[in-house]
Each structure stands twice: as structure tokens, then as C-alpha cells.
Amino acid sequence: MANRYRNERIEIKLTKEEKEIFKKKLELSKLKSMGHFIRKCVLEAPIFVIDMNEFRKIQTFIGRNANNLNQIAKRVNTTGVIYREDIEDLKKENDDISREMIKIQNILARKYI
């Protein structure tokens with residue numbers, strides 16, 4: 001890209017806060033010019049698109065599991081009895097959470113490694 005003639009122009013507008021962040025990152029980069037910094041960011045930085053549905057599923061499983069655990073703890077503290085079915089349900093929910101986490105790990109490994 002050295003000695004390349006660039007005749008296309010791009011303009012952007014920033015808020016005062018965005019401009020300050022931009023300036024700080026430009027300084028941290030130690031690059032020669034703002035143009036060099038912007039080209040480096042645009043042309044070399046990877047773009048990550050994350051499907052949040054997998055994270056929402058695991059969030060649902062964790063919330064359900066925590067709710068069930070709280071209900072079981074309340075019943076055990078009240079009655080002193082814990083049921084085998086409750087333990088089995090918690091194990092199943094934990095397995096569901098583990099499966100979803102493995103899915104997420106596999107997705108990330110395929111996309112980003």
C-alpha cells in the first residue's frame with residue numbers, strides 16, 4: 001500500500017466524547033498519521049458477528065436452574081425433605097447448560113481460531 005495514490009475521501013461526524021476517544025486511540029497506536037490509523041483499523045481489524053441467540057438460551061437455562069434451586073432450598077429448609085426427582089431435575093438442567101456451553105465453544109472455535 002506504500003506510495004499508493006488515494007483519491008477517494010470519506011468524512012464522518014463525531015460527538016465531542018467520540019472524538020476524544022478517537023484521539024486517545026490514535027495516540028496509543030503510535031501510527032504516523034490519522035489516515036494511516038484509520039486505514040489500519042478498517043483494512044486489518046477483524047469484524048466479529050456474534051449470534052446472541054446461543055447466549056440467550058444459556059441465560060434462560062441458568063435462570064430456570066437458579067429458580068428451581070431456590071424453590072428446592074426453600075422447601076428443604078421448611079420441611080427438611082429433599083426429593084430424588086428434584087435432584088434429577090437439577091442434574092438435567094445442568095446437563096442442558098453444559099451442552100449449550102459446548103455449542104458456544106464449538107461455534108467460537110470454528111469462527112475465530
Side-chain angles (χ1 to χ4, degrees):
M1 284 181 48
N3 300 324
R4 187 179 191 189
Y5 181 70
R6 295 182 177 92
N7 60 355
E8 297 295 321
R9 183 173 182 82
I10 295 175
E11 287 187 39
I12 63 168
K13 292 190 179 234
L14 301 173
T15 64
K16 195 172 200 168
E17 294 80 18
E18 289 170 336
K19 189 174 179 183
E20 288 303 314
I21 293 169
F22 180 85
K23 282 181 177 179
K24 285 178 186 173
K25 288 186 177 188
L26 177 59
E27 285 176 24
L28 288 172
S29 75
K30 307 261 193 252
L31 293 173
K32 295 176 186 175
S33 69
M34 184 185 343
H36 187 207
F37 172 71
I38 292 171
R39 281 190 298 279
K40 188 164 185 67
C41 289
V42 171
L43 300 175
E44 295 178 18
I47 302 293
F48 297 102
V49 178
I50 299 171
D51 180 5
M52 295 305 290
N53 288 328
E54 297 299 324
F55 292 100
R56 287 184 192 101
K57 277 190 224 174
I58 201 165
Q59 214 172 7
T60 300
F61 285 133
I62 291 171
R64 191 179 307 147
N65 186 274
N67 186 43
N68 289 343
L69 186 59
N70 285 338
Q71 289 176 358
I72 292 166
K74 184 177 178 182
R75 187 174 53 232
V76 169
N77 288 332
T78 304
T79 65
V81 177
I82 188 164
Y83 297 103
R84 183 179 306 275
E85 296 83 26
D86 290 338
I87 294 170
E88 294 302 319
D89 287 344
L90 287 176
K91 284 181 183 178
K92 182 189 173 308
E93 289 170 0
N94 282 331
D95 289 344
D96 291 342
I97 291 169
S98 294
R99 268 193 299 283
E100 288 302 314
M101 289 177 71
I102 289 169
K103 270 193 214 175
I104 291 169
Q105 287 174 335
N106 289 335
I107 290 168
L108 291 173
R110 278 194 307 267
K111 284 189 176 184
Y112 306 117
I113 293 178

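Given the structure is predicted, the values throughout are model-derived calculations rather than measurements.
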Run R64 and N67 through side chain to side chain donor-acceptor pair (under 3.5 Å) and show every step you take. CA-CA 5 Å; R64 191 179 307 147; N67 186 43; over 6 Å; no
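- Both F61 and F55 belong to a common hydrophobic cluster when Ile, Leu, Val, Met, Phe, Trp and Tyr are linked at side-chain heavy-atom distances under 4.5 angstrom.
- No chain of hydrophobic side-chain contacts below 4.5 Å, direct or via other Ile, Leu, Val, Met, Phe, Trp or Tyr residues, connects L28 to I21.
- Linking Ile, Leu, Val, Met, Phe, Trp and Tyr whenever their side-chain heavy atoms come within less than 4.5 Å leaves M52 and I102 in two separate clusters.
- Using a 4.0 Å cut-off between charged side-chain N and carboxylate O, E27 and K24 make no salt bridge.
- Residue V81 is not grouped with residue I72 when hydrophobic side chains (ILVMFWY) are merged at heavy-atom distances under 4.5 angstrom, including chains of intermediate members.
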Might you work through the side chain to side chain contact (heavy atoms under 4.5 Å, CB included) test for Q71 and K74, ending with a clear yes or no? CA-CA 5 Å; Q71 289 176 358; K74 184 177 178 182; 5.7 Å; no
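- Under the 4.5 Å side-chain heavy-atom criterion for Ile, Leu, Val, Met, Phe, Trp and Tyr, L26 and L14 are members of the same hydrophobic cluster.
- Here the CE atom belonging to M34 is positioned 12.0 Å from the CG atom belonging to L31, to the nearest 0.5 angstrom.
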When the side chains of residues 87-101 are checked against the rest of the protein, which donor-acceptor pairs come out under 3.5 Å, sequence neighbours left out?
| residue | atom | partner | partner atom | Å |
| --- | --- | --- | --- | --- |
| K92 | NZ | D96 | OD2 | 3.2 |
| E93 | OE1 | N65 | ND2 | 3.2 |
| E93 | OE1 | N68 | ND2 | 3.3 |
| E93 | OE2 | N68 | ND2 | 2.3 |
| N94 | OD1 | N65 | ND2 | 3.4 |
| N94 | ND2 | L90 | O | 3.4 |
| D96 | OD1 | R99 | NH2 | 2.3 |
| S98 | OG | N94 | O | 3.1 |
| E100 | OE2 | K103 | NZ | 3.2 |

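- To the nearest 0.5 Å, atoms NZ (K16) and NZ (K19) are separated by 9.5 Å.
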